[in-house]
Amino acid sequence: MTAHPKIDPETNEAFAYRYDPFPPFLTYFRVDPNGIKTTDVPIFSIKRPTLLHDIAITKKYAIFSDIQIGMNPIKFILTSGSLVGMNSRKISRLGVIPRYAKDESEMRWFDVPGFNNLHAINAWEEDGGDTIVLVAPNILSVEHTLERMDMIHGCVEKVKINLNSGVVSRHPISTRNLDFGVINPTYVGKKNKYVYAAIGYPPPKLSGIVKLDVSIAEVDRRDCIVACRIFGEGCFCGEPFFLAKNNLEADEDDGYVMLYVHNEKTGESNFLVMDATSPNLDIVANVKLPRRVPYGFHGIFVRESDLNKLLIYIYIS
């Protein structure tokens with residue numbers, strides 16, 4: 001199952017999938033607000049095993065990326081070679097399927113040559129539902145992804161799909177090497193303005209955090225970075241997490257960006273909380289940790305109330 005299920009903040013449904021080295025290579029499903037998994041929707045229009053790491057949703061659709069990075073289980077079994085490899089002859093494409101599809105008959109694929117995204121930051125609909133917009137980092141020099149991380153560059157792009165004409169347009173919204181973008185989770189599946197992303201050093205080392213104003217790209221084609229914090233020489237951070245303030249009238253960026261930072265010179269690890277609205281992402285809390293926190297990609301911060309519910313559930317079970 002994907003590490004990135006998308007939860008609609010209004011319906012409380014989770015949209016997810018699993019992918020496999022053998023047919024069907026992609027199986028779509030969702031989980032209702034009561035935690036009940038729906039019937040599988042196998043996607044047979046993916047003809048070869050591909051690396052599907054993330055999913056995006058809008059109010060009506062789920063969006064999948066069929067990229068140039070794929071899997072070769074036969075080669076892996078027979079030669080003990082790498083299970084994952086890059087296919088330079090393959091044309092990347094995006095698949096759009098209605099969120100509540102019963103089968104894949106309404107699945108539509110759109111070619112997007114050279115667009116290889118492992119992560120999807122957000123997606124939404126425009127023009128009365130006729131256009132889908134996807135914001136995601138595109139891996140440049142994708143052929144080096146598995147062996148030379150220092151040679152790849154994550155370029156955040158805005159991709160538009162016209163569902164009527166089938167025309168796909170795209171353009172970069174930043175020149176920095178960025179990935180692991182997060183947003184205010186109450187904006188998942190609908191138009192948002194702000195993204196917080198990590199600066200690749202390259203990964204797994206991340207040297208800082210930037211704030212992007214995606215709306216700038218609608219006015220002109222300049223870099224959308226509006227705030228930045230670099231942690232200094234020898235200091236590297238983990239993936240950021242955005243925590244919105246619990247206020248219904250708060251602005252989209254009214255909250256905090258939280259992450260771990262490790263200083264390789266001193267061996268010290270710290271937990272930082274930054275003001276997400278400030279132009280320099282000002283640090284408002286800095287907690288020295290008693291142990292080293294290794295570099296890593298994905299994590300989640302849990303409210304104490306949610307953790308207590310989980311503990312009660314485990315106890316009852």
Side-chain angles (χ1 to χ4, degrees), residues 2-4 6 17-21 25-26 28 43 45-57 61-73 75-76 81-97 107-123 132-161 166-182 195 197-206 212 214 217 224 239 297-298:
T2 175
H4 300 280
K6 292 298 185 290
Y17 64 92
R18 66 178 181 270
Y19 66 103
D20 197 277
F25 301 117
L26 170 65
Y28 170 57
I43 308 298
S45 50
I46 290 186
K47 303 300 183 181
R48 295 183 178 181
T50 188
L51 184 62
L52 287 146
H53 187 67
D54 202 352
I55 183 176
I57 61 169
Y61 303 101
I63 305 163
F64 295 94
S65 299
D66 184 15
I67 65 176
Q68 291 178 292
I69 304 176
M71 294 183 287
N72 192 333
K75 180 180 178 181
F76 176 73
S82 175
L83 176 63
V84 180
M86 186 267 186
N87 183 355
S88 60
R89 293 172 296 178
K90 181 179 179 180
I91 297 177
S92 300
R93 57 183 186 161
L94 294 172
V96 178
I97 189 170
M107 184 77 157
R108 296 179 63 187
W109 290 100
F110 301 87
D111 288 347
V112 193
F115 186 69
N116 293 283
N117 67 303
L118 288 179
H119 294 116
I121 296 173
N122 198 25
I132 289 177
V133 179
L134 171 69
V135 177
N138 178 27
I139 303 173
L140 303 182
S141 299
V142 68
E143 64 273 14
H144 300 299
T145 301
L146 304 173
E147 52 200 38
R148 290 293 303 275
M149 294 290 285
D150 58 312
M151 296 184 68
I152 68 171
H153 185 97
C155 178
V156 178
E157 296 189 19
K158 177 183 278 190
V159 182
K160 290 190 175 183
I161 302 172
V167 172
V168 179
S169 61
R170 46 191 275 231
H171 63 271
I173 62 176
S174 178
T175 59
R176 298 294 293 265
N177 183 9
L178 304 176
D179 202 348
F180 309 110
V182 295
V195 173
I199 303 172
Y201 193 70
K205 290 187 176 182
L206 307 169
L212 301 169
V214 179
C224 295
E239 182 177 356
F297 294 138
H298 301 320

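The structure presented is a predicted model; accordingly, all values stated were derived computationally and were not measured. By convention here, the first residue in the shown sequence is residue 1.
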message: Donor-acceptor check, side chain of Ser65 to backbone of Ile67, threshold 3.5 angstrom: yes or no?
response: no

message: Going by side chain to side chain donor-acceptor pair (under 3.5 Å), name the residues that satisfy it together with Lys205, two or more places apart in sequence or in a different chain.
response: Glu264

task: Among Val167, Val96, Val159, Ile132, find the one that has a side-chain contact (heavy atoms from CB on, under 4.5 Å) with Phe110.
output: Val96

- prompt: Do Tyr17 and Phe64 have ring centres separated by under 6.0 Å?
  reply: yes

task: Decide if atom NZ of Lys158 counts as having more than 12 heavy atoms of other residues, nucleotides or ligands within a radius under 6.0 Å.
output: yes

field: Steps toward side chain to side chain contact (heavy atoms under 4.5 Å, CB included) verdict (Ile161, Arg108)
entry: CA-CA 11 Å; Ile161 302 172; Arg108 296 179 63 187; over 6 Å; no

query: For the atom pair CG (Leu51) and CG (Leu118), what is the distance rounded to the nearest 0.5 Å?
result: 5.5 Å

- prompt: Quick check: does any side chain N or O of His4 sit under 3.5 Å from a backbone N or O of Ala56, one acting as donor and the other as acceptor?
  reply: no

field: CD1-CZ distance between Ile46 and Phe25, expressed to the nearest 0.5 angstrom
entry: 9.0 Å

- prompt: Got a donor-acceptor contact below 3.5 angstrom from the Lys160 side chain to the Val168 backbone?
  reply: no

task: Go through the steps to decide whether Ile43 and Met107 satisfy the test side chain to side chain contact (heavy atoms under 4.5 Å, CB included), and finish with yes or no.
output: CA-CA 8 Å; Ile43 308 298; Met107 184 77 157; 4.1 Å; yes

message: If you apply the rule side chain to side chain contact (heavy atoms under 4.5 Å, CB included), what do you find for Val182 with Val195, and how did you get there?
response: CA-CA 6 Å; Val182 295; Val195 173; over 6 Å; no

- request: Mind checking the OH-CG spacing from Tyr201 to Leu206? Nearest 0.5 Å is all I need.
  value: 11.5 Å

Minimal non-hydrogen separation, Ala62 against Ile55, with atom names: CB-CD1, 4.1 Å

query: Is a side-chain N or O of Asn138 found less than 3.5 angstrom from the main chain of Cys155, in a donor-acceptor match?
result: no

field: Listed partners of Ser45 passing side chain to side chain donor-acceptor pair (under 3.5 Å), at least two apart
entry: Glu104, Trp109

- prompt: Got a second to check how far Leu134's CG is from Asn117's CG, nearest 0.5 Å?
  reply: 6.0 Å

message: I'd like to know if Asp66 pairs up with Arg93 as an ion pair, taking the criterion as any Lys NZ or Arg NE/NH1/NH2 lying under 4.0 Å from an Asp or Glu carboxylate oxygen.
response: yes

task: Please tell me if the side chains of Thr50 and Ile69 come closer than 4.5 Å, counting only heavy atoms from C-beta onward.
output: no

message: Please evaluate residues Val214 and Val135 with respect to the criterion side chain to side chain contact (heavy atoms under 4.5 Å, CB included), reporting the C-alpha separation (whole Å), side-chain torsions for both, the decisive distance (0.1 Å), and the verdict.
response: CA-CA 9 Å; Val214 179; Val135 177; 4.2 Å; yes

- prompt: Given side chains that start at C-beta, do those of Leu212 and Leu178 come closer than 4.5 Å, heavy atoms only?
  reply: yes

- prompt: Excluding sequence neighbours, so at least two apart, what forms salt bridge (charged side-chain N to carboxylate O under 4.0 Å, His left out) with Arg170?
  reply: Glu157

task: Determine the interplanar angle of the His119 and Phe180 rings, folded into 0 to 90°, and report it as parallel if under 30°, tilted if 30 to 60°, perpendicular if over 60°.
output: tilted

task: Return yes if a side-chain donor-acceptor contact under 3.5 Å exists between Gln68 and Asn87, otherwise no.
output: no

task: With rounding to the nearest 0.5 Å, note down the distance linking CD1 in Ile57 to CD1 in Ile63.
output: 9.0 Å

message: Would you compute the distance between atom OG of Ser92 and atom CG of Asp111 and round it to the nearest 0.5 angstrom?
response: 9.0 Å

